[in-house]
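Read through the structure below, which is laid out as structure tokens, and then see the notes.
Ligands are counted one by one from 1 in listed order, and the atoms in each one are counted from 1 as well. All of these numbers come straight from a predicted model, not from anything done at the bench. Below, each value reflects all heavy atoms present in this structure, side chains not excepted, and no hydrogens, waters or symmetry copies.
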Amino acid sequence: MDFNVANEAETESLAGRLAAILRGGDVVFLHGDLGAGKTTLARALIRALCDTPGMDVPSPTFTLVQTYDADAGTIWHFDLYRMTTPDDVWELGWEDAMDHGIVLVEWPERLGNRLAPPSHLAIGLAQDTARPEARRITLTPHGSWKDRDLI
Ligand code: ADP
Ligand code: MG
């Protein structure tokens, strides 16, 4: 499923719609280059899930993970860019995250094939060189996500 958004506000509004279908146990992979908008989309998802529009949602670039308590469950926001080996994820609470958390992962490629959960929603963000504010956002369901209604 593909969406062409014109600006950041449209990315955020798409995230708001997505948040409505997320529940404990869901894993969302965020793919895209640096600056593609992974954190922007994750931030909007977290604010929507916490029902707190202006909430501070720092990028986990340096901490690698941040957690939030939402009505739907604990949200785990990972940014694995700086992780050097897949097994380092265990030190970040991966096992607890997989136990009914709502898990958002930037740079999921760092998990490798062995640790990546087979059921996840992959969201790809791609920039458009001609229109700096525009993004193509692609939703690809994997595993049990194939049986779910997306937005
Ligand atoms: P990433 O986490 O993928 O490295 P960020 O979300 O940190 O990317 O940064 C995306 C940057 O692009 C932000 O500065 C944001 O303001 C800007 N931006 C411009 N247009 C959009 C858009 N349509 N969607 C998301 N971000 C956008
Ligand atoms: Mg980021």
In the protein, what heavy atom is nearest to atom 16 (O) of ligand 1, and what distance, to one decimal place, separates them? E8 OE1, 2.4 Å
T67 side chain near H77 side chain, heavy-atom distance below 4.5 Å: no
If we ignore hydrogens and angles and just use 3.5 Å, is the side chain of R148 paired with the main-chain N or O of I21 as donor and acceptor? yes
Within the 4.0 Å heavy-atom cut-off, what E106 brings close to ligand 1 is side chain
Whether A36 lies under 4.0 Å from ligand 1, heavy atom: yes
Hey, what's the ring geometry for F29 with H120, parallel, tilted or perpendicular (30° and 60° as the breaks)? parallel
Nearest protein heavy-atom contact for atom 23 (N) of ligand 1: which residue, which atom, what distance? E133 O, 2.8 Å
Measuring from atom OH of Y81 to atom CZ of R110, what distance do you get when rounded to the nearest 0.5 angstrom? 6.5 Å
Would D2 and R136 pass as an ion pair if we require N to O under 4.0 Å? yes
Looking at ligand 1, does L30 have a heavy atom less than 4.0 Å from it? no
Regarding R82 and D88, does a basic nitrogen lie under 4.0 Å from an acidic carboxylate oxygen? no
Please work out, at 4.0 Å between heavy atoms, whether the side chain, the backbone, both, or neither of L41 comes within that distance of ligand 1. neither
For atom 14 (O) of ligand 1, state whether the nearest protein heavy atom is under 4.0 Å away. no
Run the salt-bridge test on K38 and D33 with the 4.0 Å N-O cut-off and return the result as yes or no. no
Any N/O of G37 closer than 3.5 Å to an N/O of ligand 1? yes
Say whether E106 and T39, considering side chains only, have a donor N or O and an acceptor N or O under 3.5 Å apart. yes
Name the closest protein heavy atom to atom 18 (N) of ligand 1, giving the residue it belongs to and the distance to 0.1 Å. R135 NH2, 3.3 Å
Under the rule for side chain to side chain contact (heavy atoms under 4.5 Å, CB included), what residues qualify as partners of D71, not counting sequence neighbours? none
Using a heavy-atom cut-off of under 4.0 Å, does the side chain or the backbone of T11 touch ligand 1, or both, or neither? side chain
Protein N/O/S atoms under 2.8 Å of the Mg ion (ligand 2)? T39 OG1, E106 OE1
What I'd like to find out is whether the side chain of V65 reaches to under 4.5 Å of the side chain of P60, using heavy atoms alone. no
Flag G35 as yes when one of its N or O atoms lies below 3.5 Å from any N or O atom of ligand 1, and as no otherwise. yes
